[in-house]
Participant: 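Below you'll find the structure I mean.
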Protein chains: 2
Amino acid sequence: MFEARITQGSVLKKLVEALKELVTEGNFDVSNTGLSLQAMDSSHVCLVSLTLREDGFDHFRCDRNMAMGIHFGNLSKILKCAGNEDTITLKAEDNADQLTLMFESANQDRISDFDLKLMSIESEHLGIPDQDYSAEIKMPSSEYQRIVRDLTSIGDTVLISATKEGIKFSTSGDVGTANVTLRHNTTPEKPEEQTIIDLKEPVALTFALRYLNNFSKATPLAPQVKLSLTKDLPIVVEYQVGELGSVRFYLAPKIDDEDNMGEDEAQS
Amino acid sequence: MFEARITQGSVLKKLVEALKELVTEGNFDVSNTGLSLQAMDSSHVCLVSLTLREDGFDHFRCDRNMAMGIHFGNLSKILKCAGNEDTITLKAEDNADQLTLMFESANQDRISDFDLKLMSIESEHLGIPDQDYSAEIKMPSSEYQRIVRDLTSIGDTVLISATKEGIKFSTSGDVGTANVTLRHNTTPEKPEEQTIIDLKEPVALTFALRYLNNFSKATPLAPQVKLSLTKDLPIVVEYQVGELGSVRFYLAPKIDDEDNMGEDEAQS
DNA sequence: GTTTGTTAAA
DNA sequence: TTTAACAAAC
């Protein structure tokens, strides 16, 4: 059987809220090392990879590896029934066709249990190699959210350029053009407000803002986000979920790449 | 003539907001004992019974019994014009075709009066016998609201089971199944958070969630709600409106009743 | 932490 | 128009 307990149920709620729009359905792969999910978004453009470590749970037991096919919309509906302060326990028998979710209020006054029907989903588990990236940028997740939201109102794609000067987000559209630059800054008042640029090599890549914007739904999960960039490779947008694990979003760059996309690409 | 004055006008506003969706029109029956209303909802499925005692008002006078036909949507429009801190006075001449509402701000700075046109409505006053119920449950009204709202996202009907263990709300639908259990609890920090189960006999009845959900519109009126259950009889959902009186909602159970509705009634 | 009101989006 | 997200107040 599989059983996983997390005291801070709000984390699970936020996770599913962050993913449900991108991933309509996917497999929760559970093993004795924890719970993971890998799924393409419905348009097969970007990849979501969730890893929750066994030791990040307050209790974790998995006798046998399982792939549980989850309809994220339905899981979201059920998690909406959990209080933010509830302890959540996930439970499934081996080869079960349902996942049981138990919600317990802090004072045990209220106990709810929900059975979520599981689906059978083709899993195409991709090995994602650990990469050495040309640039790794850590920045406040709220800042990332703000930038991609703002730029979305100007253009459809963004050129992200990392240099030793800082990281620049550029777009253009009918309205005009826009550039937002963040400088390396390791000493703000609060550590969550740091912007750290770890640069091996300058890099500039173009991405569809729509997806970068969607990734920012994970903002409530973590105060910081990490962007990893290498020429011709997908960007990785990663949120650390406390001690539990992380969510990573992968998005391939636009092929018409980095050399000549300064001010005037409105006519695409 | 009829004249009734209530210092805390917000109570009247909340009352009408709670009822107006269920009761599009109904008679305010006034007599020297107070004001009452009995009305079926527009689909003739459930019954609303409002009782406001004469001595709950700050001033009450009724020379002659009257049935004042009220269009609740219009009354709501007028009450929206009253401040929450206003004193409200209802006034009508004998056999008048209009009800006058006066709003006075606490410091008398502002005085408004509105005339609401009355309608002639067939009144079908039902005698509702005082019943001995198998189970009476008092619980926080916010908890009731939360449960029926949550379960509405899973299924259409709810099985309410009262046992000495507690009270359980169960539903099922396409997503899966759901059970929420509340335990008897007379000693939380605050008295409004008590859950009191007064059980003469275990009982389990099924109801349409849509209506139970609608009843919860009365939540702002009272911190606690009382559910009264007896086999084959309508559930009573009752809100005590301070010292003024009470609102009671009656809803008949589904006929396919309590014996075999545990886990697997998805295929309805 | 909960509620309410406002605003944005579907 | 309805509903969900966000912010502000309690």
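Order of the sequence lines sets the chain letters (A, B, ...), proteins ahead of strands, with each chain counted from 1.
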Participant: List the atom pairs, with distances to 0.1 Å, where a side-chain N or O of residues 220-228 of chain B and a protein N or O form a donor-acceptor pair under 3.5 Å, not counting sequence neighbours.
Facilitator:
unit_1, atom_1, unit_2, atom_2, d
Gln224(B), NE2, Glu192(B), O, 2.7
Gln224(B), NE2, Gln194(B), O, 3.0

Participant: Run the ring pair (Phe, Tyr, Trp, His ring centres under 6.0 Å) test against Phe207(B) and tell me which residues pass, sequence neighbours left out.
Facilitator: none
Participant: Return the set of residues passing salt bridge (charged side-chain N to carboxylate O under 4.0 Å, His left out) with Lys138(A) (not counting sequence neighbours), or none when no residue passes.
Facilitator: none
Participant: Show me the pairs that pass salt bridge (charged side-chain N to carboxylate O under 4.0 Å, His left out) and involve residues 102-112 of chain B, at least two apart or across chains.
Facilitator: Arg5(B)-Glu104(B)
Participant: What pairs with Asp113(B) under salt bridge (charged side-chain N to carboxylate O under 4.0 Å, His left out), at least two apart in sequence or on another chain?
Facilitator: none
Participant: Rounded to the Å, how far apart are Leu79(A) CG and dA4(D) P?
Facilitator: 16 Å
Participant: Output a table of nitrogen or oxygen pairs between the protein and nucleotides 1-10 of chain C separated by less than 3.5 Å.
Facilitator:
unit_1, atom_1, unit_2, atom_2, d
dG1(C), OP1, Glu85(A), OE1, 2.9
dG1(C), OP1, Glu85(A), OE2, 3.0
dG1(C), O5', Glu85(A), OE2, 3.4

